[in-house]
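Ligands are counted one by one from 1 in listed order, and the atoms in each one are counted from 1 as well.
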Amino acid sequence: MVGLEVSVRSSPRLVWYILREMKNVRVSLKNRSYDVKIGSDVTRSLGFWMKGLVSDHTPRRAFVFSDDKLTAQLNSVIASLKKHKWEVHSIPVKSGENLKSIKSIYPLYEELLNRRADRKSFILAIGGGTIGDAIGFLAATYMRGTPWVCVPTTLLSQVDSALGGKTGINHKTAKNIIGSIYQPRLVVCDLQHLETLDDREIVSGFGEMIKYGIVFDPNYYHYLSANFKKLLARESRTTSHAIERSLFWKSKVVTQDEFDTLGIRETLNFGHTFGHALETVTDYKRFRHGEAVIWGMRFALSLSLVKERLLKSEYMLLDSFLSGLPVPRLPQNLNVNELIAAMASDKKSVNRKVKFVLLEKLGKTVSEKRITHQNLVDAYTIMTQITKP
Ligand SMILES: NC(=O)c1ccc[n+]([C@@H]2O[C@H](COP(=O)([O-])OP(=O)(O)OC[C@H]3O[C@@H](n4cnc5c(N)ncnc54)[C@H](O)[C@@H]3O)[C@@H](O)[C@H]2O)c1
Ligand SMILES: [Zn+2]
C-alpha cells in the first residue's frame with residue numbers, strides 16, 4: 001500500500017487497523033490532482049502525507065488556521081506535523097459566516113506576512129465549511145497561491161465543501177460571490193473529528209449526502225435511507241462508506257467540470273436554489289445549510305411534479321423519506337413571494353430568471369429554465385400541503 005505511514009514502531013494492531021479501514025478518493029485533475037483520505041484517526045499520518053508533497057530540500061513550514069473551539073482536532077494535527085518535523089504556526093480563528101468576509105480575513109494575511117510565510121509554506125484549514133471556504137481563499141490569494149490542506153471537521157464539509165476547490169467569501173449582498181477555484185493539495189476526513197458534532201450537524205451533512213444519491217445513484221440513495229439511524233449513531237463503518245460514496249460522486253463531477261462551465265457541476269445545485277433562498281430569508285439563523293437543502297430538495301421534487309417531469313409515485317416515495325427527517329419546520333410567517341424574490345437573486349440565476357435542477361427519476365436530473373412565478377407558487381403549495389409549515 002503506497003502512501004501509508006506504517007513503520008516498525010507502529011503497533012501491529014494499528015497497522016492492521018489503518019490498512020483495513022482507510023479509504024482513499026483520488027481527485028484527478030492533471031497537475032492539480034490530490035487525495036482525500038477517509039478513516040478513523042487518519043490525521044495521525046497527515047504530517048507524513050504532507051512530507052510526500054514537498055521535496056527533501058523544501059523547508060517544512062505549516063500555518064494552521066483552526067476553529068478556536070476544536071482543541072482536540074487541532075492537537076491531533078499539530079502532533080502529526082511535529083512528528084514529521086514540520087515547523088508549526090497555529091492561528092485560531094472564529095468559524096461561521098462572519099469569517100467569510102474581507103474584514104475578517106484581512107488580518108490573516110498579516111499573520112502570514114509577520115511570520116514570513118512564503119509560497120512554499122503550507123496553509124492548513126481545520127474546521128467546517130466556513131473555515132475551508134475562507135482559509136482556502138486566503139491560500140488562493142496569498143502570494144497569488146500558496147499550497148493548502150483541508151481538514152474538514154463537520155460531516156457537511158467532509159462530504160462536500162472540502163473537495164472541489166471552491167473557495168470564497170461573502171459580500172454583504174451576496175453569499176460566496178468573491179472567490180476562486182483553487183484545489184487543495186490534500187484533504188483528510190477523520191471520523192474521530194466528527195465525534196464532538198451535535199445531531200443537527202449530522203443531519204445537515206446527511207442532506208448533502210442524500211443529494212448525491214438522488215441525483216446520481218439510486219443504490220446509494222437506498223443505502224442512505226436504510227442507514228440513517230446508524231449514521232446518526234456515528235457507526236463508523238457506515239459513516240466511512242457513506243462519506244466515501246459521496247466523495248466518489250463529488251470527485252467524478254469535479255474532474256469532469258472543474259470550473260463549473262459545462263453544466264455538469266451544476267447538478268450538485270439540486271435543492272440549493274430554494275435552500276439558499278430559505279437560508280437568506282431566515283437570516284442564516286433558523287436552518288443549518290444541509291437542513292435548508294433538505295427543504296430545497298423537497299421543493300425541487302415538488303416543482304419537478306408541477307413541470308410534469310417526475311412521476312407522482314416516485315415523488316411520493318422520495319418526499320415521504322425527506323419529510324420524515326428531523327429538520328426545523330418552516331416558519332409560520334414565511335412569505336412565498338419573498339422566497340421567490342430571493343431565488344431570483346441567486347448567483348446561479350441568469351437575468352433574474354430562476355433556473356432549477358429538477359429530477360426526472362431517481363438518478364437522473366434535468367436543467368429547467370422555463371419556470372413561471374405560478375409554477376413556483378404551485379410547487380410551494382404542494383410541498384406545504386404535505387407538511388404544514
Ligand atoms: N466550497 C464548497 O464547495 C461548499 C459546499 C457546501 C457548503 N459550503 C459552505 O460551507 C459552509 C457551511 O459549512 P458547515 O456546515 O461546516 O458550517 P461551519 O463551518 O459554520 O460549522 C458549523 C458549526 O460546527 C462547529 N464545528 C465544526 N466542526 C466541529 C466538530 N468537529 N465538533 C463540534 N463542532 C464543530 C463550528 O464551530 C460551527 O459552529 C457555508 O459557508 C457554505 O457556503 C461550501
Ligand atoms: Zn450545499
### Query
For atom 22 (C) of ligand 1, what is the nearest protein heavy atom, given as residue, atom name and distance?
E201 OE2, 3.6 Å
### Query
Between R309 and V366, is there a donor-acceptor pair closer than 3.5 Å when you use the side chain of the first and the backbone of the second?
no
### Message
With respect to E208, determine whether any N or O atom, backbone or side chain, lies less than 3.5 Å from an N or O atom of ligand 1.
### Response
no
## Note on the structure
Between L376 and the options I340, T381, L339, the side-chain contact (heavy atoms from CB on, under 4.5 Å) test singles out I340
### Query
Hey, is there an N, O or S on D160 sitting under 2.8 Å from the Zn ion (ligand 2)?
no
### T196 N/O to ligand 1 N/O under 3.5 Å
yes
### Task
May I ask you to check whether Y223 and H241 place their ring centers less than 6.0 Å from one another?
yes
### Query
Do other residues, nucleotides or ligands put more than 12 heavy atoms under 6.0 Å from the CD atom of E308?
no
### Message
How far is atom 40 (C) of ligand 1 from the closest protein heavy atom, and which atom is that?
### Response
E97 OE2, 3.2 Å
### Task
Report yes if some N/O of G129 lies less than 3.5 Å from some N/O of ligand 1; otherwise report no.
yes
### Residue and atom name of the nearest protein heavy atom (relative to atom 35 (C) of ligand 1), distance in Å to one decimal
L197 CD2, 3.7 Å
### Query
Quick one: does D257's side chain have a donor or acceptor within less than 3.5 Å of a partner on L262's backbone?
yes
### Under 3.5 Å donor-acceptor, D378 side chain and N375 backbone
no
### Query
Is the closest N or O pair between T130 and ligand 1 shorter than 3.5 Å?
yes
### atom 36 (C) of ligand 1 [closest protein heavy-atom partner, distance rounded to 0.1 Å]
D67 OD2, 3.3 Å
### Summary
The atom name of the N, O or S atom in E208 nearest to the Zn ion (ligand 2) is OE2
### Query
Hey, what's the ring geometry for F216 with W249, parallel, tilted or perpendicular (30° and 60° as the breaks)?
parallel
#### Entry: Ring-ring centroid check F228 F206, cutoff 6.0 Å
yes
### Query
Does NZ or CZ of K51 come closer than 6.0 Å to the centre of the six-membered ring of W86, within 45° of the ring's axis?
no
### Message
For the 3.5 Å polar cut-off, considering only N or O atoms, please tell me whether K69 and ligand 1 meet it.
### Response
yes
#### Entry: Pairwise side-chain contact, M383 with W295, heavy-atom cut-off 4.5 Å (strictly under)
yes
### Best match, V293, I181, D190, D133: closest heavy atom to atom 9 (C) of ligand 1
D133
### Query
Judged by atom type as modelled, is there a donor-acceptor pair below 3.5 Å linking the side chain of H272 to the main-chain atoms of F270?
yes
### Query
At under 4.0 Å between heavy atoms, which part of D198 makes contact with ligand 1: side chain, backbone, both or neither?
neither
### Query
Judging by distance only, is a nitrogen or oxygen of K175 under 3.5 angstrom from one on ligand 1?
yes
## Note on the structure
The NE2(H272)-the Zn ion (ligand 2)-NE2(H289) angle, to 10°, is 100°
#### Entry: Interatomic spacing from CG in D68 to NZ in K94 - rounded to 0.5 Å
4.0 Å
### Distance from atom 27 (C) of ligand 1 to nearest protein heavy atom, with residue and atom
T154 CG2, 3.3 Å
### Message
Give me the residue, atom name and distance of the protein heavy atom closest to atom 15 (O) of ligand 1.
### Response
L156 CD2, 3.6 Å
### Message
D160 versus ligand 1: do any nitrogen or oxygen atoms come within less than 3.5 Å of each other?
### Response
no
### Task
Pull out every atom of ligand 1 sitting under 4.0 Å from any heavy atom of Q73, numbered as shown with elements.
30 (C), 31 (N)
### Summary
When distances are taken from atom 31 (N) of ligand 1, the protein heavy atom at minimum range is H193 O, 2.7 Å
### Query
Taking the side chain from S80 and the backbone from T43, do they hold a donor-acceptor pair closer than 3.5 Å?
yes
### Task
Return the residue, atom name and 0.1 Å-rounded distance of the protein heavy atom closest to atom 4 (C) of ligand 1.
S161 CB, 3.1 Å
